[in-house]
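What follows is a short report on a single structure.
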Amino acid sequence: MPISAELFSPRILRTFAEEICADDADIFVELLSDCQNDLRAQCEVLLEAREAENWRDFNRAAHSIKSAARTFGSPLLKELAFTLEAHSEGEMSENDLQVLDRHTERLQRASQEFKDALERIAADADTFLA
């Protein structure tokens with residue numbers, strides 16, 4: 001299944017800023033930083049769990065990434081994490097492992113691009129929130 005969602009949705013992040021942060025720039029920037037840190041940590045867990053073939057931790061990390069992506073506006077990360085979460089349940093065939101590895105690599109790249117986008121927005125949060 002090809003995954004072709006957009007990396008970043010300003011509309012979703014704008015809704016988050018309005019509803020959760022009440023357009024408060026300080027709170028918004030703090031939560032963006034928390035999201036970046038959480039994505040970094042969960043991606044590390046994902047890689048460590050894959051290496052150890054610890055599918056429970058792999059699945060949990062994918063679920064956490066999916067939740068953060070949905071909240072902060074990355075449809076692509078959400079779809080990739082959903083795919084990883086779904087493929088890491090149950091018995092793992094060689095084909096499943098290939099899918100996991102391919103999507104894990106893609107998720108790593110997309111996660112870095114998304115974190116970079118959030119960093120740029122945080123650096124000029126007032127403009128984003130205007």
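These numbers come from the heavy atoms of this one structure, side chains and all, not from hydrogens, waters or symmetry mates. Throughout, residue positions are numbered sequentially from 1 according to the sequence presented. Since the structure is predicted, the reported quantities are computational estimates derived from the model, not experimental observations.
Closest heavy-atom contact between Ile65 and Leu39: CG2-CD2, 4.0 Å. Taking each heavy atom of Cys21 and Ile27 in turn, the nearest pair found is SG-CG2, 3.9 Å. The two atoms that bring Ala25 and Asp126 nearest to each other are CB-OD1, 3.4 Å, heavy atoms only.
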So Phe58 and Thr104, side-chain contact (heavy atoms from CB on, under 4.5 Å) or not? Walk me through it.
CA-CA 10 Å; Phe58 186 95; Thr104 298; 3.6 Å; yes
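His63 places no side-chain N or O within 3.5 Å of a backbone atom of Asn59 that could act as its donor or acceptor partner. Between the side chain of Ser74 and the backbone N or O of Leu7 there is at least one donor-acceptor pair closer than 3.5 Å. Between the Ser88 side chain and the Leu84 main chain, a donor and an acceptor come within less than 3.5 Å of each other.
Qualifying salt bridge (charged side-chain N to carboxylate O under 4.0 Å, His left out) partners for Arg70, counting only residues two or more places apart in sequence or in other chains: none. Remark: Glu94 engages Leu97, Gln98 in a side-chain contact (heavy atoms from CB on, under 4.5 Å) (not counting sequence neighbours).
When only modelled atom types and interatomic distance are considered, Asp96 and Ser93 share a side-chain donor-acceptor pair under 3.5 Å.
For residues 21-35, the set of pairs meeting the salt bridge (charged side-chain N to carboxylate O under 4.0 Å, His left out) definition, not counting sequence neighbours, comprises Arg14-Asp23.
Taking a cutoff of 4.0 Å between a charged side-chain nitrogen and a carboxylate oxygen, Arg109 and Glu105 qualify as a salt bridge.
Relative ring orientation between Phe128 and Phe28 is described as parallel, the plane-to-plane angle staying below 30° on a 0-90° scale split at 30° and 60°.
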